[in-house]
Structure formats: structure tokens, C-alpha cells
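Taking it in order: structure first as C-alpha cells, then the write-up.
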Amino acid sequence: QVQLVESGGGLVQVGGSLRLSCAASGRTFSRYNMGWFRQAPGKEREFVAHIHWSGGSTDYADSVKGRFTISRENAKNTVYLQMNSLKPEDTAVYYCAVGEKSWYTRKYDYWGMGTQVTVSS
């Protein structure tokens, strides 16, 4: 079975930074895409960023471009999301995901339980 565990969330002030981590276990993920999504209270889940299994391509939502950076360490089956210049509208539960055929569809197969990020004003 596949398990994804997010960590690194918390409370941060406007303009601050956080780094989220997600560790995957249960199978080999070296050829799986990995991504981050988020869901704010009262809103639908939205795409944040994802990274190709090769590590050669990344995509970001327009709202986070220039502020967030996604990366991965395949040897550790871990994906990271470095978040800088945080804004109150970044407040949400952040979920990591892995998928085998998800690059163009952005439909992921496995999901973590989420980690809360709160940006205070």
C-alpha cells in the first residue's frame, strides 16, 4: 500500500517562509510525478505545483509563481514545496500527491492527509 505523509506546516506571518515535505512509502516512486494541492475553507481544492518524475519539468499555479518552488529527492521518495513571501490567501490545507500518468491530466492517484498552513496578517 502507498502512504504519503506531509510535514512542515504551521503558523507564519505575512512575508515569511515555510518548507513543506512529503515522504512517500510502500513502493518505488522514481517514475511517478509528484505534486502539491491546497484547499482553503469554503473553497474547492486547487492545483499549486507539480514536478515531473524526471525532475526536468515543473508547473505552478499563476498565484504562486515566483514565490513557491517545488523539488524532489527520488532517493528519499520525498517532494518539497518551498514557500516564500507568503500571503494571507495562501492559508489552506496543503496536500501532496503522486501519480503515474498525471502530468497532463493533473489527476493524481495517491494523496496524503494534508498539513495546515496559516499565514497571519
Side-chain angles (χ1 to χ4, degrees):
Q1 60 183 34
V2 175
Q3 295 182 357
L4 302 175
V5 180
E6 301 99 335
S7 62
L11 177 64
V12 65
Q13 295 182 350
V14 172
S17 298
L18 285 173
R19 190 181 75 157
L20 305 183
S21 300
C22 177
S25 63
R27 64 191 297 174
T28 301
F29 292 95
S30 61
R31 300 223 173 183
Y32 281 69
N33 307 314
M34 305 186 79
W36 289 94
F37 295 74
R38 67 187 183 186
Q39 186 169 24
K43 295 188 176 183
E44 296 184 350
R45 183 185 64 188
E46 65 176 350
F47 168 81
V48 176
H50 66 174
I51 184 168
H52 193 258
W53 62 264
S54 68
S57 297
T58 58
D59 279 328
Y60 298 90
D62 289 341
S63 59
V64 306
K65 286 182 179 178
R67 300 188 298 119
F68 290 11
T69 303
I70 188 170
S71 61
R72 67 189 295 168
E73 294 185 57
N74 286 347
K76 298 181 179 180
N77 289 330
T78 300
V79 61
Y80 305 95
L81 186 68
Q82 178 66 46
M83 304 184 294
N84 299 326
S85 301
L86 283 162
K87 305 174 181 179
E89 49 263 46
D90 295 318
T91 296
V93 177
Y94 284 70
Y95 300 89
C96 68
V98 300
E100 185 176 8
K101 300 177 180 179
S102 53
W103 189 247
Y104 296 104
T105 65
R106 296 183 178 179
K107 302 295 183 182
Y108 279 77
D109 302 311
Y110 305 101
W111 296 83
M113 295 300 296
T115 185
Q116 177 71 47
V117 172
T118 302
V119 184
S120 64
S121 59

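The chain is numbered in sequence order, starting from 1.
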List the steps and the verdict of side-chain contact (heavy atoms from CB on, under 4.5 Å) for L20 and V117. CA-CA 9 Å; L20 305 183; V117 172; 4.0 Å; yes
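Considering every non-hydrogen atom in both V79 and S71, the closest pair reads CG2-O, 3.2 Å. In this structure, S120 and L11 approach most closely via the heavy-atom pair CB-CD1, 4.1 Å.
Within the structure, disulfide bond (SG atoms under 2.5 Å apart) pairs that include any residue of residues 1-82 comprise C22-C96 (at least two apart or interchain). Applying the side-chain hydrogen bond (donor to acceptor under 3.5 Å, both in side chains) definition to pairs two or more places apart or across chains, those involving residues 8-20 are S17-N84. Each salt bridge (charged side-chain N to carboxylate O under 4.0 Å, His left out) pair with one or both residues in residues 111-121, not counting sequence neighbours, would appear here, but there are none. The side-chain hydrogen bond (donor to acceptor under 3.5 Å, both in side chains) pairs that include a residue from residues 107-116 are R27-Y110, H50-Y108, Q116-T118, where partners are two or more places apart or lie in different chains. Among pairs with a residue in residues 94-104, those fulfilling side-chain hydrogen bond (donor to acceptor under 3.5 Å, both in side chains) read N33-S102, R38-Y94, at least two apart in sequence or across chains.
Each of V93 and L4 belongs to its own hydrophobic cluster when Ile, Leu, Val, Met, Phe, Trp and Tyr are linked at side-chain heavy-atom distances under 4.5 angstrom. Cluster annotation: V64 and M34 are assigned to the same hydrophobic cluster (Ile/Leu/Val/Met/Phe/Trp/Tyr, side-chain heavy-atom contacts under 4.5 Å, transitive). The hydrophobic cluster containing F37 does not contain M83, counting ILVMFWY residues as joined when their side-chain heavy atoms lie under 4.5 angstrom apart, directly or transitively. Put simply, I51 and W53 are part of two different groups of oily side chains (I, L, V, M, F, W, Y) that touch within less than 4.5 Å, one to the next.
K43 meets the salt bridge (charged side-chain N to carboxylate O under 4.0 Å, His left out) test with no other residue; sequence neighbours excluded. Partners of T58 under the side-chain hydrogen bond (donor to acceptor under 3.5 Å, both in side chains) rule, at least two apart in sequence or in another chain, do not exist in this structure. Residues passing the side chain to side chain contact (heavy atoms under 4.5 Å, CB included) test with V14, sequence neighbours excluded: P88, V119, S121. For R45, the side-chain hydrogen bond (donor to acceptor under 3.5 Å, both in side chains) criterion is met by no residue, not counting sequence neighbours. Evaluation of the side chain to side chain contact (heavy atoms under 4.5 Å, CB included) rule for T69 yields Y60, Q82 as partners, not counting sequence neighbours. Applying the side-chain hydrogen bond (donor to acceptor under 3.5 Å, both in side chains) test to E73 and every residue at least two apart in sequence or in another chain returns Y80.
To the nearest 0.5 angstrom, F68 atom CZ is 4.0 Å from D90 atom CG.
Listed by chain and number, the hydrophobic cluster partners of V5 come to none, as no ILVMFWY side chain reaches under 4.5 Å of it.
The closest donor-acceptor contact from the side chain of E6 to the backbone of M113 lies under 3.5 Å.
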